[in-house]
Trainee: 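Structure in structure tokens, see below.
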2 protein chains.
Amino acid sequence: MAVLELVGQKWMLRILWELRDAPLTFRALRARCDNVSPTVLNQRLAALREAGLVELGDDGYEPTELCRGLGDILLQLTDWSRRWDAERPAPGDID
Amino acid sequence: MAVLELVGQKWMLRILWELRDAPLTFRALRARCDNVSPTVLNQRLAALREAGLVELGDDGYEPTELCRGLGDILLQLTDWSRRWDAERPAPGDID
DNA sequence: ACCATTTGCTACGCTTTATGTAGCACTCAT
DNA sequence: ATGAGTGCTACATAAAGCGTAGCAAATGGT
């Protein structure tokens, strides 16, 4: 399951999420990702570009067509996240 | 988007994916995750348990009811992954 | 032509995280 | 009691990430 290794890296989901609906410049994307270090951001973007999931257009980085389906899934993921936030147990409870 | 930080950690998606349809013991889960170091596995499992997403039953670790929806999403993620594997550009091509 | 801004991206030193191996304490069947 | 399985921890080493500073190129204004 190669995508899990790619997309399971730190910042990957976040990066894709931030690019979900508008292109962002390197610096803008960095700002949205809690000022992740440019070293890592560049590594991630390089991997995403090589994977054909993201490209650098005139307005900044944006997801490719190939990536659209993933965007929908990420949307569901965040929907689920909201429900989870509402229902999750109090911190400190283990089982 | 708290879930992105939780689930975006290394091994998280993989762990949840491996638990998708049957409980696994600590050791079995570790084996399935390319023998991830027990240190990290334990950290991740602790986080997942605290988040109420995974619990330790008689047959090993298993996702909680709260986690079911996430499982469906992961399923879609891997479906998408298969298509992506088929369509992705040759390695080395950057835009 | 000149300067300031903004761009993508890299270098460097430091901290944090992950890895790999070994092994402990416990349970359970034999 | 012994042997195999369990969850989990310790420790030294390697890898990844962080934060800051800054470079080279492109852009826009005066």
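Letters A, B, ... mirror the listed sequences (proteins, then strands); counts begin at 1.
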Trainee: What's the CZ-C1' distance between B:Arg49 and D:dG7, to the nearest Å?
Mentor: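 Spelled out: CZ on B:Arg49 to C1' on D:dG7 is 9 Å.
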Trainee: Indicate whether OP1 or OP2 belonging to D:dA16 is found under 4.0 Å from a side-chain N or O atom of A:Gln43.
Mentor: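 No, no such contact exists.
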Trainee: Would a distance-only check, ignoring hydrogens and angles, find a side-chain to backbone donor-acceptor pair under 3.5 Å from B:Arg44 to B:Lys10?
Mentor: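 Present.
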Trainee: Name the nucleic acid region contacted by A:Thr25, choosing base, sugar-phosphate or nothing; use a 4.0 angstrom heavy-atom cut-off, strictly under.
Mentor: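 Result for A:Thr25 = sugar-phosphate.
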Trainee: From C-beta outward on A:Asn42, which listed nucleotide comes closest to its side chain: C:dA18, D:dG17, C:dC9?
Mentor: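 Looking only at side-chain atoms, A:Asn42 lies closest to C:dC9.
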Trainee: Given that A:Asp59 and B:Ser37 both sit by DNA chain C, which one's nearest nucleotide is further toward the 5' end?
Mentor: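 Going by which nucleotide is closer to the 5' end, it is A:Asp59.
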Trainee: Nearest of C:dG8, D:dG17, D:dT20 to any side-chain atom of A:Phe26?
Mentor: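 Nearest to the side-chain atoms of A:Phe26, counting from C-beta on, is C:dG8.
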Trainee: State which of D:dA10, D:dG22, C:dT10 makes the closest approach to the side chain of A:Pro38.
Mentor: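 Among D:dA10, D:dG22, C:dT10, the one nearest the side chain of A:Pro38 is C:dT10.
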Trainee: Categorize A:Val40 for me: base, sugar-phosphate, or nothing, with a 4.0 angstrom heavy-atom threshold over every strand shown.
Mentor: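 Here A:Val40 touches the backbone only, sparing every base.
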Trainee: Using only modelled atom types and a 3.5 angstrom limit, is any donor from either the side chain of A:Arg27 or the base of C:dG8 paired with an acceptor on the other?
Mentor: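 Yes.
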Trainee: If we ignore hydrogens and angles and just use 3.5 Å, is the side chain of A:Gln76 paired with the main-chain N or O of A:Ile73 as donor and acceptor?
Mentor: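 Pair absent, no side-chain N/O of A:Gln76 close to backbone of A:Ile73.
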Trainee: With a cut-off of less than 4.0 Å, is there a side-chain N or O of A:Lys10 near OP1 or OP2 of D:dC18?
Mentor: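 Yes, such a contact exists.
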